[in-house]
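Remarks on the structure that follows.
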Amino acid sequence: MATNNSDFFDQVFQVVRLIPKGRVTTYGAIANYLGAKSSSRVVGYAMNAAHSQKDYVPAHRVVNRNGQLTGKHHFNTPFIMQEMLEKEKINVENDTILNFKNHFWDPFIELKL
DNA sequence: GTAATGACCTTGG
DNA sequence: ACCAAGGCCATTA
């Protein structure tokens, strides 16, 4: 361990960066992909540190199981997240992604673990 | 060092 | 079907 306890965090960042444009995923999916489905909270916490990361992390493409933009308030502005998603051709209304299942990006299927 | 919180999810009543 | 509580891991006070 080279003084890098971001092991789990780095994993999350890697997966999030791999999310293609116009697609979204959930914390549980990432956690489950990493083998820690019970630790979905840590995934969300990792996103909190995403801003501290050197590389940009599309945290706006990560939402909860309900497809709700729970972490929009953690961005620079609470509107940036929805704006970004709309730019990705993703319809967002009432802080919730429409056709969420249609835009859902599953690492298990896409990354074929 | 202990206690409480958090961008969540699952299960029980 | 709806409401409530627990669990998991890490960070911060």
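Given the structure is predicted, the values throughout are model-derived calculations rather than measurements.
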Judged by each residue's nearest nucleotide on DNA chain B, which is more toward the 5′ side, V63(A) or Y45(A)?
Y45(A)
To the nearest Å, how far apart are L69(A) CG and dA7(B) C1'?
10 Å
So, the side chain of S39(A) versus the backbone of V42(A): is there a donor-acceptor pair under 3.5 Å, distance only?
no
From the options dC8(B), dT11(C), dC9(C), select the nucleotide whose nearest atom is closest to the side chain of V42(A).
dC9(C)
Name the nucleic acid region contacted by H60(A), choosing base, sugar-phosphate or nothing; use a 4.0 angstrom heavy-atom cut-off, strictly under.
nothing
dT11(C) C1' sits how many Å from H74(A) NE2, rounded?
13 Å
Has D106(A) got a side-chain atom pairing as donor or acceptor with F108(A)'s backbone, closer than 3.5 angstrom?
yes
Output the rounded distance in Å from CZ (R41(A)) to C1' (dT11(C)).
12 Å
Any salt bridge linking R23(A) with E88(A)? Criterion: basic side-chain nitrogen under 4.0 Å from a carboxylate oxygen.
no
Nearest-angstrom distance from the residue atom CZ of F9(A) to C1' of dG6(B)
11 Å
Between dC9(C) atom P and N32(A) atom CG, what is the distance in whole Å?
14 Å
Please report the distance, rounded to the nearest Å, between NE2 in H73(A) and P in dA7(B).
11 Å
What integer distance in Å separates Y27(A):OH from dC8(C):C1'?
17 Å
Does OP1 or OP2 of dC8(B) have a side-chain N or O of T26(A) closer than 4.0 Å?
no
Nearest to the side chain of T70(A) - dT11(C), dC8(C), dC8(B)?
dC8(B)
Looking across every strand, which nucleic acid part, if any, lies under 4.0 Å from N48(A) by heavy atom: base, sugar-phosphate, or nothing?
base
Using a 4.0 Å heavy-atom cut-off across all strands, classify A31(A) as base, sugar-phosphate, or nothing.
nothing
Given the C1' atoms of dT5(B) and dG6(C), what is the spacing between them in whole Å?
16 Å
Taking the minimum atom-to-atom distance to the side chain of S38(A), which one of dA7(B), dT10(B), dC8(C) wins?
dC8(C)
With hydrophobic residues grouped by side-chain heavy-atom distances under 4.5 Å, do Y56(A) and L85(A) end up in a single group?
yes
So, does H74(A) use its side chain to make a donor-acceptor pair with the main chain of N48(A) at under 3.5 Å?
no
Provide, to the nearest angstrom, the distance between the CD1 atom belonging to I97(A) and the C1' atom belonging to dA7(B).
13 Å
